Engineer: 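Below: one structure in structure tokens.
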Amino acid sequence: MSTVKKILTIIIILVALSAGLIGFWLYQNREIAPTPAPNLPTIDEFFPVDTGENNSSAEESLAPGFGESLVNQSFGQGLNRLLDTPISDFQLNQGSTTSKIYYLDKATGHLYEKDLLNNAATRLSNYTAPGLTEAKFFLGATSTIDFWAIKPETGGQVLLSSTGNIISPNLIALASSPDQKKVFLLEKVGDGAIGSVLDWQKPENKKVIFRAGVSEWLVSWPTNSSILLNTKPAANYAGLIYNLDPNTGKLTRLIGGSFGLTGHLSPDGTKLVYSHNNGAGLNLSLLNLNTNEITLLGIQTLAEKCVWTNDSKLIYCAVPTKLSPLPLPDAYYRGEIAWQDNFWQINTDTGESYLIFETSTVFGLQNNLDASRLSLNPAENRLIFQNRPDATLWSLSWEQ
Amino acid sequence: MKKFLLSLGFSLITLIPSAQAQSAPNNNFVDLLWEARTYTPTGYRGKALPSSQSEVKVVALAQIANLAPENLIYTWQKDGYNLPANSGTGKNSLIYRAGNTGSNAITVEVKTPTGETRLKQTLNLSLVSPKALIYPTEPLLGPNYALAIPDTWHLPENTFSLIAEPYFFSLANLASGQVAFSWLINNQLATPSSEDGRTVILQNRSGKEGVAPVNLRIKNKAISNQEAARDLQIEFGNDGFSFWPKLLPVALAQEVGGVNVLEPGVIGATGSTPIANLPDYLKALFKQAVGLLGLFAIITIVWKGVQYTINPLPGVKTDAKDRLWEILKGIILALAAYLILQQINPNLVNLNFILPK
């Protein structure tokens, strides 16, 4: 046989082998249509879209309390599971150099202090309140850490102190000021809402700064002069984001008209990163509040899965590897889908994007890693987050 | 730590300012805020959506010329018709009942008492169908709303509670007990563990393997269009990996002390549907078998191809060549048969093992 014939034969075999393997793979995965993500011609290879019919991700996720009994389990490459039991909420000790973290155990409501680098955890509270869903932490009267937490009840939410006192019987939402000295309470009154600012130490001294005829709001307090009020998002309905001045009560509309709208303001208050549904999936955009320019960031995720650095230049985002054609973010909020996230760093000044962590490279990660409540450590080289499906606590660190 | 520089030439392109803000920070504005008085679970981050005949409240949030909202004049319209009773000075909200289907257009015009400044805003609200979802729930942790139970689910423990959530049913009807929940396990009514019928406890006492078809039906007795269903297959007792799909015995649930005890292997029992998952099982089996045959064909092509290329013996070469042709002909024949059958009638290739009743 001539050399040309041999080469041709080898090429044919390789083509047949490749075609066969691709065919087999496509056949086995034929419910997952690898449609390129729209509007992302540059990096869409990282964001394929599935059909949503494959619920394997949700099937594979464990319900809370059913993980193996492991604490501080390392998966390599800087990824660690810090706790294997569900938690209600957590906060990094931002002023400390000792890598401390505070968290509430979801089954008991007890407050714990834990070192990020080892298994030691110290219980700091005694009042038992199972099933808390969210908490804000602050320095108490004796300069020790204290918290208020949200407990779901039939038909609403109750805000409890760490000793079980009811702070608010009709809470809608809660936000802590950046210096953690004040809190913004949004409470249901009649069929509307009232927003008040108060000191942690003197909860009886409420200063009402906001009234609305509707009660569906998401709130955050990103800068000393900005409380962000976000109408609850829905895929097929336009949302609005307002800035509420906590000192004057002045309301300013920041953006509106986008479907599925949620936003996240930078610490200097000049940039709003927001996610919206353009009919073909979620898109992350940046609104420069000084120039009113909007920039598409080329990332498909929810704004609440991002965290700003202190200098308001970078955001770190957990970005789903696949989005669903189900209405977003509704289907995600309802738990109909769970995401597998990669982690990206985006420079909002230059547009440079870095994939800092790819989950598929991790060996031994059996369930989804669907990050929520992302928080950065003071050195800004470690993300702490909760895994949404099982509410466990995770850490991801990287070299800078 | 893996670190990819993707930016240069990639995402820099995307940072070209795409537009001015749709609605830049503005001192004079009127926005229409709204909420449907329909149910969502406590703490749900998404919006409660309007469904058939649900009540909707619309509020005009206006900031005009630094005037207090109660001093502004509001003129409301619904679907093009003026609503004089709802319009006037300080009347900044509208409550209406949605129709059975379709959408409603709500318009408000807000003006100052002098009429110098007028702003108009319109809102189109489409109705959605109510939705029934089921979540795992535990006494201490509560429901896990991050994990709605998918179509097929494996019971993680021998005893487990499920809770039904009636998304977008009218709040008033839920509160007055007019929304009914019914659970069926293998076509038999299951026993709820809560008074409102939203929670059931499933238990696998024997530890044997089985599958339980679970059907949830939610119906608003006051509004005929408000109903939703959710159908699941809950597997229990088998948590090991199996290459071939398993044919699990169907379970009936027998109420024992408020708990639905799943008893597998009750084929033929009154009211049961023996081997309800047989069609799915056969489909899965067929899919797996076709996949394996494809894999086998690829391995054979490679093997014979290598033999044909490397082996110097003419007999072996001829045999390998013949075998390669046979495989190729087989594949072409199978594809052609599939295409022809599909052209004649797509149902001929649509595997459906369910016999007509």
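Here is how names work: the chains are called A, B, and so on, in the same order as the sequence lines, proteins then strands, and each is numbered from 1. Everything numeric here is computed off the predicted structure, so don't read it as measured data.
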Engineer: Give, as side chain, backbone, both or neither, the part of B/L49 having an atom under 4.5 angstrom from any heavy atom of chain A.
Structural biologist: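 B/L49 touches chain A through side-chain heavy atoms alone.
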Engineer: Side chain from CB out, backbone as N, CA, C, O: work out which of these in B/A60 comes under 4.5 Å of a heavy atom of chain A, or both, or neither.
Structural biologist: neither
Engineer: Report yes if some heavy atom in the side chain of B/L123 is under 4.5 Å from a heavy atom in the side chain of A/Y237; otherwise report no.
Structural biologist: no
Engineer: Most heavy-atom pairs under 4.5 angstrom with chain B, which of A/A234, A/A212, A/G156, A/P329?
Structural biologist: A/G156
Engineer: Find out whether B/Y44 and A/D330 are in side-chain contact, i.e. whether some heavy atom of one side chain is under 4.5 Å from a heavy atom of the other.
Structural biologist: yes
Engineer: Chain B: which of A/A238, A/A235, A/A107 shares the most heavy-atom pairs with it under 4.5 Å?
Structural biologist: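 Most heavy-atom pairs under 4.5 Å with chain B: A/A107.
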Engineer: Under a 4.5 Å heavy-atom cut-off, does chain A meet the side chain of B/Y39, its backbone, both or neither?
Structural biologist: neither
Engineer: First locate atom CG of B/L133, then atom CZ of A/R334, and finally report the distance between them rounded to the nearest 0.5 Å.
Structural biologist: 6.5 Å
Engineer: May I ask you to decide if A/D390's main-chain N or O and B/N144's side chain share a donor-acceptor pair within less than 3.5 Å?
Structural biologist: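 No; judged by distance alone, with no hydrogens or angles, the pair does not exist.
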Engineer: Is chain A contacted by the side chain of B/S126, its backbone, both, or neither, given a heavy-atom distance below 4.5 Å?
Structural biologist: both
Engineer: Do B/T42 and A/T133 have side chains that approach each other closer than 4.5 Å (heavy atoms only, starting at C-beta)?
Structural biologist: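 Not touching, per the 4.5 Å side-chain cut-off.
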Engineer: More than 12 foreign heavy atoms under 6.0 Å from CG of A/N290: is that the case here?
Structural biologist: yes
Engineer: Hey, is CD on B/E70 packed in by over 12 heavy atoms from elsewhere, all under 6.0 Å?
Structural biologist: yes
Engineer: With a 4.5 angstrom heavy-atom cut-off, is it the side chain or the backbone of A/D191 that approaches chain B, or both, or neither?
Structural biologist: both
Engineer: Can you confirm whether A/L240 sits close enough to B/L61 that some side-chain heavy atom of one is under 4.5 Å from a side-chain heavy atom of the other?
Structural biologist: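 They are not in contact (no side-chain heavy atoms under 4.5 Å apart), so the answer is no.
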Engineer: Please state whether the side chain, the backbone, both or neither of B/I95 comes within less than 4.5 Å of a heavy atom of chain A.
Structural biologist: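 Contact with chain A is through the side chain of B/I95 alone.
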Engineer: For residues A/Y333 and B/K47, determine if any side-chain heavy atom of one lies less than 4.5 Å from a side-chain heavy atom of the other.
Structural biologist: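 Answer no - side chains too far apart.
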Engineer: Select one option (side chain, backbone, both, neither) describing which atoms of A/S215 are under 4.5 Å from chain B's heavy atoms.
Structural biologist: both
Engineer: Quick check for you: to the nearest 0.5 Å, what is the distance between A/N236 atom CG and B/L125 atom CG?
Structural biologist: 11.5 Å
Engineer: In terms of heavy-atom proximity below 4.5 Å to chain A, should B/V306 be classed as side chain, backbone, both, or neither?
Structural biologist: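 Looking at B/V306, just its backbone touches chain A.
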Engineer: Given that the side chain runs from C-beta out, which part of A/P233 has a heavy atom under 4.5 Å from chain B: side chain, backbone, both or neither?
Structural biologist: both
Engineer: Of the backbone (N, CA, C, O) and the side chain (C-beta and beyond), which part of A/E153 lies under 4.5 Å from a heavy atom of chain B, both, or neither?
Structural biologist: backbone
Engineer: Check A/R253 against B/V30 and note the closest heavy-atom contact, atom names and distance.
Structural biologist: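 So the minimum-distance heavy-atom pair works out to NH1-O, 4.3 Å.
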Engineer: Chain A heavy atoms under 4.5 Å from B/K131: which part of the residue, side chain, backbone, both or neither?
Structural biologist: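 Only the side chain of B/K131 comes within 4.5 Å of chain A.
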Engineer: A/Y242 versus chain B, heavy atoms under 4.5 Å apart: side chain, backbone, both or neither?
Structural biologist: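 Answer is side chain: those atoms of A/Y242 sit under 4.5 Å from chain B.
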Engineer: Between the side chain of B/E35 and the main-chain N/O of A/E216, is any donor-acceptor distance below 3.5 Å?
Structural biologist: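 Pair found, side chain donor or acceptor close to backbone of A/E216.
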Engineer: Quick one: CG on B/L147 to CD1 on A/I337, what's the gap to the nearest 0.5 Å?
Structural biologist: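 So the gap between those two atoms works out to 12.0 Å.
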Engineer: Can you tell me how far the CD atom of B/Q63 sits from the CG atom of A/L251, to the nearest 0.5 Å?
Structural biologist: 5.5 Å
Engineer: Please report the closest heavy-atom contact between A/K232 and B/G46, naming both atoms and the distance.
Structural biologist: CD-O, 3.1 Å
Engineer: Closest approach of B/A146 and A/P389, non-hydrogen atoms and distance?
Structural biologist: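 Heavy-atom minimum between the residues: CB-CA, 4.0 Å.
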Engineer: May I ask you to name which of B/Y167, B/Y145, B/Y135 has the most heavy-atom pairs under 4.5 Å with chain A?
Structural biologist: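 Of the options given, most contacts go to B/Y167.
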Engineer: Chain A heavy atoms under 4.5 Å from B/L33: which part of the residue, side chain, backbone, both or neither?
Structural biologist: both
Engineer: Looking at A/K106 and B/E138, is any side-chain nitrogen of the basic one under 4.0 Å from a carboxylate oxygen of the acidic one?
Structural biologist: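 Result for this pair is no, no salt bridge flagged.
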